[in-house]
Amino acid sequence: MLDRPLSPPPVEVIVAVTQALHCEARLLDNEDFDGWLAMLNEDICYRMELKSRRFRADRSPPLPVGPGVIFNEDLGRLKLRVDRLKSGFVWAEDPPNFIRRAISNVEVVARPAENEVRVHSVLIMHRNRIDGTTRVLTAARTDLWRGEGQAWLLAARDIVLDHSVLPDSNLNAFF
Amino acid sequence: MPGGSALLGETQKMVLGTNWKLPVENVCGDGYHLGWAHAGAMSAVQSMDLTGLNVGNSGVDLDGGLSVAGMNGHMVLSALDGVSGYAFYPDPKPILEYLEANRQTVIDRLGEVRGKQVWGAQVNITIFPNLQLLPGLNWFRVYHPKGPGQIEQWTWAMAENDMLEAVKTQILENQCLTVGLAGLFDNDDGDNLAACTEQSRGWRTAQMDVYTNMALGRSGKREGFPGDIAAGLVSEHNQRYFYRRWQEHMMAETWAEVPTYNINSLTAQEAEHA
Ligand SMILES: [Fe+2]
């Protein structure tokens, strides 16, 4: 998506939002799901669509009811996923996996509303499971962050996963 | 329904570190893994009864389902309540309305048992060796072996063409939520299958037989159905026929040595007359 900034956002906004992205990654790495949920706006829209890969010359019409999704979550559904992870029955996360997220290519773009910014970023997720099993996933994210009082909260996240075949047995981790 | 079914959405592909037979076994007959392997997901999204299967499998009802096998390796696992295919939809109402509105059409076409009890129920269908579809949870899946201990699993959502677009949209959405790449149910199985494959590679484990003796000797014919049938969704009846069929293929020197058995009796009669 091409964003044409009205004018660059104030440097303190860029710092605050970038810090929020890093904080979010650290909370998720540490499985502090409640801490992460507290960083989300109540009307959050958290999406990862299934991507089409067609020949460039392919002009076939879009699929009748859309491509389908990997994630299409509101706050209730994200809480449901967190409840499942906390249920003690998710065997694929027991013993816990080692997960590390690195956030990069952060671009903070002003929006007409002063308390909102569009944020582009790249996520690299390293997951280690059962001794030698290690997977690296990468994704691009386009977010909407909204200033609420003292804090910046995540209001929307559109995730593009860079794998047409998922190289792992699950996506229990949040992006 | 007469309009047939179609696949929805993009192909959902994932790599699993498992022998290809384990996911087939998992879906062809393994009703009892639900309450254990998927306890986390069931506690989160189950909205209706499925033959008493629940977290911990405490209330299983064996009269509520059938394990149908022995049809040249093809298998069906079916509940008999006509609605439980949608037990894992947080809001099954629009689909239950579709079932109710079209029930008579299906009964006229397929008869009482299939129309009233099977259509709409949780039905797991296995086409030997590596194709499975579940009308109800509405997915269609192929396992592609990729060498020892690795497969690619390709999944699509599936809906009946006679359904309204809003119902199809709900089906695609719910299939993605439950057995998609981040599916609440599917994300439980992959790791178990990989662990089973890994453990079976050990020297001592490789000397041991697979134990699939649950409900052994409790199957038979039933009027109106092909195959050899055991009661209930909790049984290892289908698993036994799956491995038996695989063994028959492995032992045969030629196609002529692969036996044919228990196919639909009507088709068998036609073959005799021909
Ligand atoms: Fe399963």
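None of these values were measured; they are calculated from a predicted model. Sequence lines set the chain letters: A, B, ... in the order given, protein chains first and strands last, and positions in each chain run from 1.
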query = Would a distance-only check, ignoring hydrogens and angles, find a side-chain to backbone donor-acceptor pair under 3.5 Å from W36(B) to F89(A)?
reply =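 Not at all, since once roles are kept as given, no pair shorter than 3.5 Å links the two residues.
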Using heavy-atom distances under 4.5 Å, tell me whether [X] contacts chain A through its side chain, its backbone, both, or neither.
{"X": "L184(B)", "result": "both"}
{"X": "N192(B)", "result": "side chain"}
{"X": "E152(B)", "result": "side chain"}
{"X": "L16(B)", "result": "side chain"}

message = Could you report the tightest heavy-atom contact between S164(A) and K13(B), atom names first, then the distance?
response = O-CB, 3.7 Å
ask   = With sequence neighbours excluded, what pairs up with Q239(B) under the side-chain hydrogen bond (donor to acceptor under 3.5 Å, both in side chains) test?
value = none
key: When V90(A), V69(A), L161(A) are compared by non-hydrogen pairs under 4.5 Å with chain B, the top option   = V69(A)
message = I need the residue from G68(A), S52(A), P167(A) with the largest number of non-hydrogen atom pairs under 4.5 Å to chain B.
response =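 With the most close heavy-atom pairs to chain B, the winner is S52(A).
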task = Check the pair M14(B), L171(A) against side chain to side chain contact (heavy atoms under 4.5 Å, CB included), reporting the backbone distance first and the verdict last.
result = CA-CA 10 Å; M14(B) 110 199 287; L171(A) 280 176; over 6 Å; no
query = When only pairs under 4.5 Å are counted, which of G183(B), C176(B), G190(B), A182(B) shares the most heavy-atom pairs with chain A?
reply = A182(B)
key: Top contributor to chain A interface from T169(B), D186(B), L177(B), L8(B) [non-hydrogen pairs under 4.5 Å]   =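 Answer, by heavy-atom pair count under 4.5 Å with chain A: L177(B).
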task = Rounded to the nearest 0.5 Å, what's the gap from CG on D191(B) to CG on N170(A)? Could you check?
result = 6.5 Å
task = Report the distance from atom CG of L181(B) to atom CG of L166(A), rounding to the nearest 0.5 Å.
result = 5.5 Å
All salt bridge (charged side-chain N to carboxylate O under 4.0 Å, His left out) counterparts of K51(A), not counting sequence neighbours = none
Is [X] close to chain B through its backbone or its side chain, or both, or neither, when contacts mean heavy atoms under 4.5 Å?
{"X": "S87(A)", "result": "side chain"}
{"X": "P64(A)", "result": "backbone"}
{"X": "R54(A)", "result": "side chain"}
{"X": "D83(A)", "result": "neither"}

query = Within a strict 4.5 Å, meaning less than it, do heavy atoms of the N187(B) and R84(A) side chains meet?
reply = yes
request  = For salt bridge (Lys or Arg N to Asp or Glu O under 4.0 Å), just list the numbers for E198(B) and R129(A), CA-CA rounded to whole Å, side-chain angles, deciding distance to a tenth of an Å, and then say yes or no.
outcome  = CA-CA 13 Å; E198(B) 196 61 36; R129(A) 170 87 185 141; over 6 Å; no
message = Check this for me: E148(A), atom CD, are more than 12 non-hydrogen atoms of other residues, nucleotides or ligands nearer than 6.0 Å?
response = yes
task = Please indicate whether E100(B) has more than 12 foreign heavy atoms, meaning atoms of other residues, nucleotides or ligands, lying under 6.0 Å from its CD.
result =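 No, the 6.0 Å shell around CD holds no more than 12 heavy atoms from other groups.
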key: Any residue meeting ring pair (Phe, Tyr, Trp, His ring centres under 6.0 Å) with F71(A), in chain and number order, not counting sequence neighbours   =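 Only Y46(A) meet the ring pair (Phe, Tyr, Trp, His ring centres under 6.0 Å) criterion with F71(A).
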ask   = Which residues, numbered in order, of residues 200-207 of chain B come under 4.5 angstrom of chain A by heavy-atom distance?
value =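 Result: none.
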